[in-house]
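Report on the structure given below.
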Amino acid sequence: MPRPLEFDRDRAVVRAMKLFWSQGYKATSLAALLDTMGIQRSSFYASFGDKRSLFIECLKLFGQRTADLAIQPVDTDTRPEQLIHTFFAVTLMNVPEDRLHNGCLLVNSILELADTDDELSKLATQMLGYVEKAFEQALQAARQEGRWHSDLSPRQAAQILMLINQGVRVQSRKRTPREEIWSTLADALALIGLGYLTTQETHTHG
């Protein structure tokens, strides 16, 4: 009869995800993972198999959490297009400075692994695709309710939003001041008919 795991698996995965997020896949050693997750080598191999398998699990977790931010309304009165603003507010303005400078694990992984591990890069791209789909659905609902007007289709606008999203994540990794990123983001959103975004709509937490 196998021995039960002697650690909180979900918590360990979250800790590993944060380490991969801050250091990248290649730079994260097994020793660092064991220390951060607070588990023994034998438990690691029994539960996760290897570093790559754990990273895949972390990418999927990060992707799901990110997509959830784009589809879950703050309250029942939230306008569909406001979900997009909330997504950027929560992931850019309402995060600690060190987390902001980590950028996005999915975008980081695509850039890091595009030429060395096509499978992992494609998985990160797939996870970003879920976020793009959430944007498209929000804009489709906004158009149906007469709250969003643009010559673009919801799909075209969602594709542009993802380009904007990837750009601001790279800027955040370059340690561009938060206010400068936010100002650029507001200008970009205005070009696709989402121009009412202002810094007054956010609450920054250090």
Side-chain angles (χ1 to χ4, degrees), residues 1-72 83 86-92 94-137 158 161-162 165-175 205-206:
M1 181 175 180
R3 295 178 59 188
L5 296 177
E6 298 178 351
F7 65 95
D8 186 324
R9 191 182 190 284
D10 290 342
R11 182 178 298 178
V13 172
V14 170
R15 289 176 175 174
M17 179 186 73
K18 291 179 178 178
L19 186 63
F20 283 129
W21 190 3
S22 64
Q23 295 190 357
Y25 175 66
K26 295 178 182 178
T28 300
S29 66
L30 178 58
L33 283 168
L34 296 177
D35 183 61
T36 298
M37 298 167 76
I39 63 176
Q40 299 297 317
R41 186 180 296 263
S42 57
S43 295
F44 177 90
Y45 286 123
S47 186
F48 304 105
D50 54 28
K51 170 184 165 181
R52 194 173 190 278
S53 297
L54 172 61
F55 185 65
I56 289 173
E57 189 169 340
C58 289
L59 280 180
K60 291 180 178 179
L61 175 62
F62 190 95
Q64 185 59 61
R65 287 187 170 190
T66 304
D68 286 347
L69 291 175
I71 62 178
Q72 184 174 352
L83 297 180
T86 300
F87 171 85
F88 286 110
V90 169
T91 59
L92 281 173
N94 298 359
V95 296
E97 200 74 16
D98 57 344
R99 191 182 303 174
L100 175 68
H101 294 156
N102 286 341
C104 168
L105 175 60
L106 302 178
V107 175
N108 295 349
S109 299
I110 293 170
L111 294 175
E112 177 188 3
L113 302 169
D115 296 326
T116 58
D117 195 317
D118 189 55
E119 182 181 354
L120 291 179
S121 181
K122 284 183 177 179
L123 175 59
T125 300
Q126 179 184 350
M127 294 297 104
L128 281 178
Y130 296 147
V131 180
E132 181 178 318
K133 187 63 177 179
F135 284 159
E136 181 182 347
Q137 291 172 345
L161 278 170
M162 289 310 297
N165 179 58
Q166 293 176 44
V168 296
R169 304 306 162 185
V170 172
Q171 288 299 313
S172 65
R173 291 210 68 189
K174 291 170 58 179
R175 297 182 178 267
H205 299 291

Pairs involving residues 112-132, ordered by first then second residue, that meet ring-ring contact (aromatic ring centres under 6.0 Å, His included) (sequence neighbours left out)
none

Is a side-chain donor or acceptor of Glu112 paired with a backbone partner of Lys26 at a separation under 3.5 angstrom?
yes

Sequence neighbours left out, what pairs pass ring-ring contact (aromatic ring centres under 6.0 Å, His included) with at least one residue falling in residues 26-45?
Phe44-Phe48

Test your reading of the model: is there a side-chain donor-acceptor pair from Ser172 to the backbone of Leu100, 3.5 Å cut-off?
yes

Just wondering, more than 12 heavy atoms not from Arg52 lying within 6.0 Å of its CZ?
yes

Can you measure from CG (Asn102) to CZ (Arg169) and round to the nearest 0.5 angstrom?
11.5 Å

Can you name the side-chain contact (heavy atoms from CB on, under 4.5 Å) partners of Lys18, sequence neighbours left out?
Val14

Can you tell me how far apart CD (Gln23) and OG1 (Thr28) are? Round to the nearest 0.5 Å.
4.5 Å

Atom CG of Asp35 and atom CZ of Arg15: how far apart are they, to the nearest 0.5 Å?
10.0 Å

By side-chain contact (heavy atoms from CB on, under 4.5 Å), which residues pair with Ser29, not counting sequence neighbours?
Ala31, Ala32

Suppose we screen for side-chain contact (heavy atoms from CB on, under 4.5 Å). Which residues come up paired with Lys51, at least two apart in sequence or across chains?
Phe20, Tyr25, Leu33

Please round to the nearest 0.5 Å and tell me the distance separating atom CZ of Phe87 and atom CG of Leu161.
9.5 Å

Once you round to the nearest 0.5 Å, how far does CE of Met127 lie from CG of Leu105?
11.5 Å

Please say whether more than 12 non-hydrogen atoms of neighbouring residues, nucleotides or ligands are located less than 6.0 Å from CG in Asp115.
no

Residues Asp50, Ser53; criterion side chain to side chain donor-acceptor pair (under 3.5 Å); working and verdict
CA-CA 5 Å; Asp50 54 28; Ser53 297; 2.8 Å; yes

Side-chain donor-acceptor distances from residues 58-66 under 3.5 Å, at least two apart:
{"from": "Gln64", "atom 1": "NE2", "to": "Asp68", "atom 2": "OD1", "distance (Å)": "2.8"}
{"from": "Thr66", "atom 1": "OG1", "to": "Phe62", "atom 2": "O", "distance (Å)": "2.7"}

